[in-house]
Amino acid sequence: MRCVTCGQEYAVTELRYACDCGGLLEIVRDPRELARLKTSTFDARRTSGDPWDQSGVWRFREAVMDVGTAAIVTHPEGGTRLYHRDALDAYAGVAGVRFKHEGENPTGSFKDRGMTVATTQAKRVGATAVACASTGNTSSSLAAYAAQAKLRAIVFLPEGKVTIGKMAQTLAYGALCLQVRGDFDAAMRLVSEAADKLGIYLLNSKNPWRIEGQKTIVWEMLQDLGWDAPDWISVPAGNLGNTSAFGKALKEAHEAGWIKTVPRLLCVQASGANPFFKSFAEQWKTRHKVAAETVASAIRIGDPVSYDKARTAIEYTQGIVTEVTDVELMMAKRAIDGAGIGCEPASACSLAGVRQQVATGAIKPGARVVCVLTGNVLKDPDVIVKGIDGLPPLPAPVVIDPTIEAVRKAVGG
Ligand code: F0G
């Protein structure tokens, strides 16, 4: 593990998530070892019956974590689909826009890709209890993997700010839910302190093994595309773990010779939770913090932890960071839901951002674009039923008598 701020190195078996200087740690590998790995090996594993080959994370294991397959805690996860719908081409303004649906992971979000690796590491370092702060998806994933690995799960949630779907799921898998009086950022600070003082193993994306797992969203997407890299990858951004992971994945894939060109990242925040966008817009002069408020509760984050790594990712890929309004992201969600795919509000930022950047001319209509959908449509049922101001309501469910006349009337003849 190497500190991204001061370069200090630590053994991977050491139980720590930050450098002594306070900087973020990342896993480093010998580029020559990566270059020895061939895409044909990963492709052949797709048809294998072994769980670690079926996993869209562990299929790339030599570039994720060096650990014997017997030690791996896997559902398996990944193996998510890449969709295309004509109606969404029209909405985005580009032909052939693809959607990598990470909501198809076992617990309904991309978090499982990082959690399988970080839980495996938790077992490797002998942890008995694991914890995270979460807006609901990380906690659901942690709870499921901890249950599988027989680890005690303790999650820190901003009180009253987690959707019913995510809260129920986290409880169902058996985690102890601590509802912190405060926002996500307060819960994040508290869990970091708890990890340091109480010896609970931290599974937030500050833990570099989460990032190693989440790299495989990009690698599997590239594999889906026959290792022919797209021009743009669009991703919703909150705590910036994914943005960081995508940058690292692209750098490693390019250096290893798996892809010839490096796609540009489009990193999309909600305008009510936009600290990273603000920093980007002023050429990184200030690291901003905001009091976050958005309908996309998954990314209601004002002080993202992985800022430094995410900035490197944007610079490496010549990326763009942007913001979209709640109405824009909810309209994009409508389009995705209406195309029969479905996703939670935060996920739809990816499409809303592409539509905006096509309109400004930054993304050309002929560009090859992949949007990442981060969470499942059932994660936030309330917002679908209740809607938000400025968004036309969906037709309400109609109660009818059990007669054919009532049906005829209800369907308009
Ligand atoms: N989309 C969804 C559905 C999420 O749950 C999250 C983060 C993001 C996007 C943003 O990803 O943090 O890597 O920039 N959810 C975290 C959680 C914070 O606790 O579930 P990021």
Side-chain angles (χ1 to χ4, degrees), residues 24 100-105 107-115 131-144 155-158 161-163 165-167 169-170 175 177 180 183-185 187-188 191 202-207 210-211 213-215 217-218 234-249 265-270 273-277 292 294-307 309-311 313-314 321 324 329 332-333 336 342-353 371-380 383:
L24 296 168
K100 181 70 172 162
H101 205 332
E102 290 299 303
E104 295 181 344
N105 272 292
T107 75
S109 85
F110 71 92
K111 304 290 182 181
D112 296 341
R113 292 201 187 243
M115 208 52 77
C132 69
S134 180
T135 55
N137 278 330
T138 304
S139 59
S140 302
S141 183
L142 178 148
V155 304
F156 293 61
L157 308 172
K161 301 290 186 190
V162 173
T163 68
K166 297 174 188 180
M167 176 65 87
Q169 204 182 357
T170 305
C177 292
V180 182
D183 58 12
F184 169 83
D185 302 295
M188 188 66 230
V191 76
L202 185 71
L203 290 184
N204 276 103
S205 54
K206 200 172 162 180
N207 183 322
R210 284 273 313 278
I211 304 296
Q214 286 171 213
K215 291 187 306 191
I217 302 171
V218 164
S234 180
V235 61
N239 218 14
L240 300 175
N242 250 356
T243 305
S244 307
F246 285 23
K248 192 168 193 278
L265 286 182
L266 175 63
C267 174
V268 190
Q269 296 209 289
N274 63 353
F276 194 51
F277 165 70
T294 164
V295 66
S297 61
I299 51 174
R300 205 181 273 148
I301 296 171
D303 183 16
V305 163
S306 292
Y307 175 93
K309 288 184 182 177
R311 177 182 162 177
I314 294 298
V321 186
V324 294
L329 71 91
K333 171 176 155 58
I336 294 163
C343 66
E344 68 167 288
S347 307
C349 285
S350 55
L351 176 59
C371 291
V372 175
L373 300 179
T374 44
N376 187 283
V377 67
L378 287 176
K379 288 283 193 172
D380 190 354
V383 79

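Keep in mind the model is a prediction, meaning the values are calculated, not measured. Order of listing sets the numbers, starting from 1, for every ligand and every atom in it.
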Q.
Does any N or O of ligand 1 fall below 3.5 Å from an N or O anywhere on Q214, backbone included?
A. no
Q.
Considering non-hydrogen atoms of the protein only, which is the closest contact for atom 2 (C) of ligand 1, and what is the distance?
A. T374 OG1, 3.4 Å
Q: Give the C-alpha distance, both sets of side-chain angles, the deciding distance and a yes or no for side chain to side chain contact (heavy atoms under 4.5 Å, CB included) between L24 and V305.
A: CA-CA 9 Å; L24 296 168; V305 163; 4.1 Å; yes
Q. Counting both backbone and side chain atoms, is some N or O of K166 under 3.5 Å from an N or O of ligand 1?
A. no
Q: Considering the heavy atoms of G241, write down every atom of ligand 1 situated less than 4.0 Å from one of them.
A: 13 (O), 14 (O), 21 (P)
Q. Which residue holds the protein heavy atom closest to atom 11 (O) of ligand 1, what is that atom called, and what is the gap in Å?
A. F110 CZ, 3.6 Å
Q: Report yes or no: does a heavy atom of T243 sit under 4.0 Å from some atom of ligand 1?
A: no
Q) Is the shortest N/O to N/O distance between P236 and ligand 1 below 3.5 Å? A) no
Q) So which protein heavy atom does atom 16 (C) of ligand 1 come closest to, and at what separation? A) K111 NZ, 2.9 Å
(Q) I need the atoms of ligand 1 closer than 4.0 Å to a non-hydrogen atom of N242, numbered in the order shown. (A) 13 (O)
Q | Proximal ligand 1 atoms for N239, defined as those under 4.0 Å from one of its heavy atoms | A | 12 (O), 14 (O), 21 (P)
(Q) Check for me whether S205 has a heavy atom closer than 4.0 Å to any atom of ligand 1. (A) no
Q) Do any nitrogen or oxygen atoms of S347 come within less than 3.5 Å of a nitrogen or oxygen of ligand 1? A) no
Q.
Please confirm whether I301 approaches ligand 1 to less than 4.0 Å, judged on its heavy atoms.
A. yes
Q. What atoms of ligand 1 come closer than 4.0 angstrom to any heavy atom of T135?
A. 15 (N), 16 (C), 17 (C), 18 (C), 19 (O), 20 (O)
Q | Those atoms of ligand 1 less than 4.0 Å from some heavy atom in E344 | A | 3 (C)
**Q.** Spacing of SG belonging to C132 relative to NZ belonging to K111, to within rounding of 0.5 Å
**A.** 9.0 Å
Q) Heavy atom under 4.0 Å from ligand 1: found in L240's side chain, backbone, both, or neither? A) backbone
